[in-house]
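Worksheet for the structure shown next.
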Amino acid sequence: MAESIVQYKDVHKSFGDIDVLKGIDLDIQPAEKVALIGPSGSGKTTIIRMLMTLEEPTMGVIDVGGRNLWQMEKKGEWVRADDPHLHSIRGDIGMVFQHFNLFPHMTILENCMLAPVLVKNESKKEVKATAVEMLEKVGLGDKIELYPAQLSGGQKQRVAMARALMMRPKVMLFDEVTSALDPELVGEVLEVIRDLAKEGEMAMILVTHEMDFALDIADRVVFLNDGVIEEEGHPEDILVNPKSERLQDFLSRFTVNR
């Protein structure tokens, strides 16, 4: 087995007196596609927000590519990571949120070009060519000069994916990316993620309630409940033949087609 691209080691997260994560151990292999499922409040989004450095663990270690994300060695001691350390590792991680967070005053091409130019100091000419390529990849190559307000919700979400791909991440995080969309737009977004998964290059962690999609796309499904990993394994085992009563109860709300 290859060295994990992401490792959570006994990770805890509390908000005040509320324990959201209660000791998470989770390894993600390079190019592995992992779906996180579970009821609201189970800790799914917190797991990926910590990886994106939007939330800091209360306790435990998160490694990315063999490097400690939230701690760094300084003068022979482990100390809290500073911003340069966090930025250097976060460069390997992309995230697509529930809401698109596009800049309304910029075209979708400009939205995609912004981060590589500002963060990586890449030339605008090269970045533009890459941005056009990424927008074509998500089926929006004919709309590069449009503004976000001129797009449907599904198209905006695809722009958000193209923008995340611009940073060439080794790990891509998807946080309920279809939950804010009208039902008729969900399919087009899932199809783009499916195509990205088939390319096989990036590891993906997907927080989702789309069980058929998880069954189709994931290498592994992880069921979280009350801040712990209750059950994990091959999608068929988890989604079609669940063992724990809690998982059986959770899945009873969904129709899973084999």
Side-chain angles (χ1 to χ4, degrees), residues 3-16 18-28 30 34 36 43-106 110-124 126-128 130-131 134 159-177 201-207 227:
E3 182 179 352
S4 302
I5 187 70
V6 174
Q7 278 188 305
Y8 294 79
K9 305 173 185 177
D10 193 28
V11 172
H12 295 245
K13 178 62 181 178
S14 300
F15 295 99
I18 301 173
D19 297 325
V20 177
L21 296 176
K22 304 172 183 177
I24 297 295
D25 292 296
L26 180 65
D27 286 9
I28 311 294
V34 177
L36 303 183
K44 307 181 300 296
T45 293
T46 301
I47 284 178
I48 60 174
R49 283 179 63 84
M50 288 191 299
L51 190 57
M52 197 62 186
T53 70
L54 298 173
E55 301 287 355
E56 185 173 357
T58 305
M59 191 176 81
V61 173
I62 301 175
D63 282 348
V64 179
R67 298 174 67 192
N68 191 320
L69 176 60
W70 282 100
Q71 295 175 298
M72 57 184 282
E73 197 168 4
K74 188 175 183 179
K75 296 180 181 179
E77 295 183 0
W78 285 99
V79 298
R80 186 180 185 276
D82 58 19
D83 285 343
H85 178 90
L86 291 173
H87 282 294
S88 70
I89 299 179
R90 194 168 59 200
D92 288 335
I93 304 164
M95 185 166 179
V96 183
F97 298 86
Q98 293 180 21
H99 302 285
F100 329 113
N101 300 330
L102 302 176
F103 291 105
H105 63 288
M106 293 182 173
E110 291 167 340
N111 266 278
C112 290
M113 291 176 60
L114 186 63
V117 172
L118 290 182
V119 177
K120 292 191 173 183
N121 201 30
E122 297 179 4
S123 76
K124 286 188 176 181
E126 292 179 1
V127 169
K128 182 177 180 179
T130 304
M134 293 304 172
V159 174
M161 289 183 205
R163 181 181 57 185
L165 290 169
M166 289 293 297
M167 301 301 283
R168 305 178 191 89
K170 294 178 182 176
V171 184
M172 185 73 93
L173 313 176
F174 297 89
D175 183 20
E176 294 280 16
V177 294
E201 297 175 1
M202 293 182 301
M204 292 183 177
I205 306 177
L206 307 102
V207 174

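Counting only heavy atoms from C-beta outward, the side chains of E55 and F15 approach each other to under 4.5 Å. Contact check for R49 versus D175: no side-chain heavy atoms found under the 4.5 Å cut-off. Taking 4.5 Å as the limit, every side-chain heavy atom of K13 sits out of range of all side-chain heavy atoms of P57. Proximity of L51 to M95: side-chain heavy atoms (C-beta onward) are nowhere separated by under 4.5 Å. L86 places a side-chain heavy atom less than 4.5 Å from the side chain of W70. Side-chain contact between M50 and L21: present, with at least one pair of heavy atoms (C-beta onward) separated by less than 4.5 Å. At least one side-chain heavy atom of R67 sits less than 4.5 Å from a side-chain heavy atom of H85.
Taking CD1 from I205 and CD1 from I48, the interatomic distance works out to 7.5 Å, rounded to the nearest 0.5 Å. A distance of 4.5 Å separates CD1 in I24 from CD1 in I47, rounded to the nearest 0.5 Å. Here the straight-line distance linking atom CD of Q7 with atom CD1 of I62 works out to 11.0 Å at 0.5 Å rounding. Atom CE of M59 sits about 4.5 Å away from atom CG of D10, to the nearest 0.5 Å. One distance of note links CD1 of I5 with CG of D27; it measures 11.5 Å at 0.5 Å rounding. Rounded to the nearest 0.5 Å, atoms CE (M134) and CG (L165) are 5.5 Å apart.
Residues Q71 and W78 share a closest heavy-atom pair of O-CZ3, 3.8 Å. Nearest approach of R168 to E122, heavy atoms of both residues: NH1-OE2, 3.2 Å. The two atoms that bring P116 and V127 nearest to each other are CB-CG2, 3.8 Å, heavy atoms only. Pairing each heavy atom of M172 with each of V96, the nearest pair is SD-CG2, 4.3 Å. Shown here for C112 and A162, the closest heavy-atom pair between the two residues is SG-CB, 4.0 Å.
Judged purely by atom type and a 3.5 angstrom limit, D19 has no side-chain atom pairing as donor or acceptor with the backbone of K22. Counting only distance, with no hydrogens or angles, the side chain of D63 and the backbone of G66 share no donor-acceptor pair below 3.5 Å.
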Kindly determine whether V159 and L102 satisfy side-chain contact (heavy atoms from CB on, under 4.5 Å), including the steps that lead there.
-> CA-CA 8 Å; V159 174; L102 302 176; 3.8 Å; yes
Report the C-alpha separation of L173 and F97 in whole Å, then their side-chain angles, then the decisive distance to 0.1 Å, and conclude whether the side-chain contact (heavy atoms from CB on, under 4.5 Å) test is met.
-> CA-CA 8 Å; L173 313 176; F97 298 86; over 6 Å; no
Show the numbers, then the answer: is there a side-chain contact (heavy atoms from CB on, under 4.5 Å) between K170 and V64?
-> CA-CA 10 Å; K170 294 178 182 176; V64 179; over 6 Å; no
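For E77, the CD atom counts as loosely surrounded, since its 6.0 Å shell holds 12 or fewer non-hydrogen atoms of other residues, nucleotides or ligands. Shown here is L118, whose CG atom has more than 12 heavy atoms of other residues, nucleotides or ligands within 6.0 Å. For E56, the CD atom sits in a packed shell: over 12 heavy atoms of surrounding residues, nucleotides or ligands are nearer than 6.0 Å.
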